[in-house]
Colleague: 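What follows is a single structure, and I will ask about it in a moment.
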There are 2 protein chains.
Amino acid sequence: MADPQTSRARDVVIAGRRVLEQDGPDALTMRRVAGELGIRAPSLYKHVPHKSALETAIIVDGFEEAAAAFEAAVEGEDDHLAAFVVAYRAFATAHPHVYRLMTQGPLPREHLPPGLEARTAAPLLHAMGSAPRARAAWAFIHGMKVLELDARFPADDSTEPAWREGIAALRALSQPSDRPGHLRRTTPSSPGD
Amino acid sequence: MADPQTSRARDVVIAGRRVLEQDGPDALTMRRVAGELGIRAPSLYKHVPHKSALETAIIVDGFEEAAAAFEAAVEGEDDHLAAFVVAYRAFATAHPHVYRLMTQGPLPREHLPPGLEARTAAPLLHAMGSAPRARAAWAFIHGMKVLELDARFPADDSTEPAWREGIAALRALSQPSDRPGHLRRTTPSSPGD
DNA sequence: GTCTATAGTGGGATAGAC
DNA sequence: GTCTATCCCACTATAGAC
């Protein structure tokens with residue numbers, strides 16, 4: 001991937017993402033991506049060293065988008081957790097295949113721009129106030145989303161009650177118990193506010 | 001798969017599972033499974049209609065094992081949630097590739113023995129007291145486990161604090177606040193004690 | 001030098017004839 | 001059970017066009 005910013009490499013990544021988003025991971029083949037660009041599969045290797053580099057580039061784009069979306073969602077809100085969850089769900093729902101590629105399997109951290117992963121996680125870390133709480137929150141949110149995407153809950157009823165229960169539980173984590181009416185605005189504030 | 005109980009079909013499934021557990025999903029090829037049995041790949045098709053049927057059979061075996069393990073773990077314990085989490089983590093840790101196959105991607109429900117999915121979920125449903133709470137709990141537990149398996153949390157520190165935070169939050173869900181310790185202990189405790 | 005093509009390797013799932 | 005054959009895949013080597 002000579003110059004990922006301009007040139008042809010960029011086109012390859014964009015075509016790859018389009019294929020992935022539209023037709024899913026099985027459709028993401030070098031032949032198919034090449035076809036989108038009107039060239040042959042082997043020609044792609046002049047721009048991208050191998051298929052997994054193409055996938056990594058799609059992942060990086062996804063993280064950059066997600067990070068920006070999460071930052072924007074949280075800004076100016078007083079209920080950071082709720083705002084984050086809404087934005088997270090929206091991103092995963094809008095780009096399910098990209099979301100899965102981003103979150104499933106090992107992360108090629110060596111090939112990610114430094115700080116990108118942390119930047120993406122920052123809004124949730126801030127909302128939850130500590131790394132262990134943020135991890136627990138991420139596990140819940142990711143678990144819900146991924147089980148939802150895979151239709152792992154019985155299809156006939158809504159998952160909203162489960163989201164509500166889980167979010168309520170997470171909120172209790174960041175708010176010591178004996179605090180009554182804790183809804184959006186009375187929050188005891190997370191450490192960073 | 002003529003007679004999954006006896007016959008050769010059973011051998012195929014067992015060989016498939018062995019390959020999957022030992023060398024992961026990429027190693028689970030028809031050639032490799034055939035090799036384990038000392039035959040050629042096309043011969044497998046006398047016993048298994050296609051590869052995905054083999055995968056489904058491995059999934060079914062996994063669910064049956066998991067259901068039995070969860071039932072046994074919970075029996076006689078008064079802290080059902082803690083006991084379930086311990087057993088769930090143990091199963092996923094012992095069989096990571098099978099666990100992923102079981103939980104990732106769509107479930108071929110039409111080919112599962114009726115009631116098996118519900119049976120597997122029953123101990124957690126019982127521990128949490130309602131379907132939405134059980135779903136929230138499953139999302140957290142599955143999310144934690146899968147992120148852990150994929151090394152998605154920074155590798156340098158333990159995930160135990162996150163497990164503890166999440167379990168504490170779940171416990172609060174099933175114990176309305178002003179209800180003093182109706183379990184063994186009132187403190188949010190780690191899954192292992 | 002840059003972008004492409006053809007041709008070929010080796011590995012997959014799977015159908016069909018024996 | 002076998003073998004052959006088809007088709008899809010990632011990837012490589014090499015070489016021609018601009």
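Please read these numbers as outputs of a predicted model, since none were measured by experiment. Residue numbers start from 1 in every chain, and the chains themselves are labelled A, B, ... in the order their sequence lines are given, proteins ahead of strands.
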Colleague: Yes or no on side chain to side chain donor-acceptor pair (under 3.5 Å) for B:Thr29 and B:Lys51, after CA distance, side-chain angles and deciding distance?
Modeller: CA-CA 8 Å; B:Thr29 70; B:Lys51 192 191 177 187; over 6 Å; no
Colleague: Do B:Arg152 and A:Trp138 meet the cation-pi criteria used here (NZ or CZ under 6.0 Å from the six-membered ring centre, within 45° of the axis)?
Modeller: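 Geometry flag: not set, cation outside 6.0 Å or 45°.
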Colleague: Does anything in residues 25-35 of chain A reach DNA chain D, meaning a heavy atom under 4.0 Å, and if so which residues?
Modeller: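 Within residues 25-35 of chain A, the residues near DNA chain D are A:Leu28, A:Thr29, A:Met30, A:Arg31.
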Colleague: Can you see if the side chain of A:Lys46 gets near the phosphate of C:dC3 - specifically, an N or O under 4.0 Å from OP1 or OP2?
Modeller: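 Checking A:Lys46 against C:dC3: no side-chain N or O falls below 4.0 Å of OP1 or OP2.
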Colleague: So, does A:His47 get its side chain near the phosphate of C:dT4, meaning an N or O under 4.0 Å from OP1 or OP2?
Modeller: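 For A:His47, the contact criterion (side-chain N or O under 4.0 Å from OP1 or OP2 of C:dT4) is met.
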Colleague: Of the options D:dC11, D:dC3, C:dT14, whose atoms approach the side-chain atoms of B:Lys51 most closely?
Modeller: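 For B:Lys51, the side-chain atoms sit closest to C:dT14.
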Colleague: Report the distance from atom CD1 of A:Ile39 to atom C1' of C:dC3, rounded to the nearest whole Å.
Modeller: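 From A:Ile39 CD1 to C:dC3 C1': 8 Å.
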Colleague: Give a yes or no on whether B:His50 atom NE2 has more than 12 heavy-atom contacts from other residues, nucleotides or ligands under 6.0 Å away.
Modeller: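 Result for NE2/B:His50: enclosed.
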Colleague: Would you confirm whether the ring centroid of A:Tyr88 sits within less than 6.0 angstrom of the ring centroid of A:Tyr99?
Modeller: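 That pair passes the under 6.0 Å test.
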Colleague: Would you kindly give the CZ-to-C1' distance between A:Arg40 and D:dT14, to the nearest whole Å?
Modeller: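 Value for this atom pair: 17 Å.
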Colleague: Once you round it to whole Å, what is the distance between C1' of D:dC11 and CG of A:Leu54?
Modeller: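 Going from CG in A:Leu54 over to C1' in D:dC11 covers 14 Å.
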Colleague: Can you give me the closest heavy-atom contact between B:Ala73 and B:Ala87, atom names plus distance?
Modeller: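 Closest heavy-atom pair between B:Ala73 and B:Ala87: CB-CB, 3.4 Å.
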Colleague: For A:Leu44 and B:Pro42, find the nucleotide of DNA chain C closest to each by heavy atoms; which residue's nucleotide sits nearer the 5' end?
Modeller: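 With A:Leu44 and B:Pro42 compared, the 5'-side residue is A:Leu44.
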Colleague: Does C:dC3 have OP1 or OP2 under 4.0 Å away from a side-chain N or O of A:Ser43?
Modeller: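 No, because none of the side-chain N or O atoms of A:Ser43 sits under 4.0 Å from OP1 or OP2 of C:dC3.
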Colleague: Please state how far atom NE2 in A:His50 lies from atom P in D:dA10, giving the value in whole angstrom units.
Modeller: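 Spelled out: NE2 on A:His50 to P on D:dA10 is 13 Å.
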Colleague: Please assess A:Arg119 against A:Glu71 for the test salt bridge (Lys or Arg N to Asp or Glu O under 4.0 Å), listing each intermediate value before the final yes or no.
Modeller: CA-CA 9 Å; A:Arg119 184 189 150 206; A:Glu71 286 160 0; 2.7 Å; yes
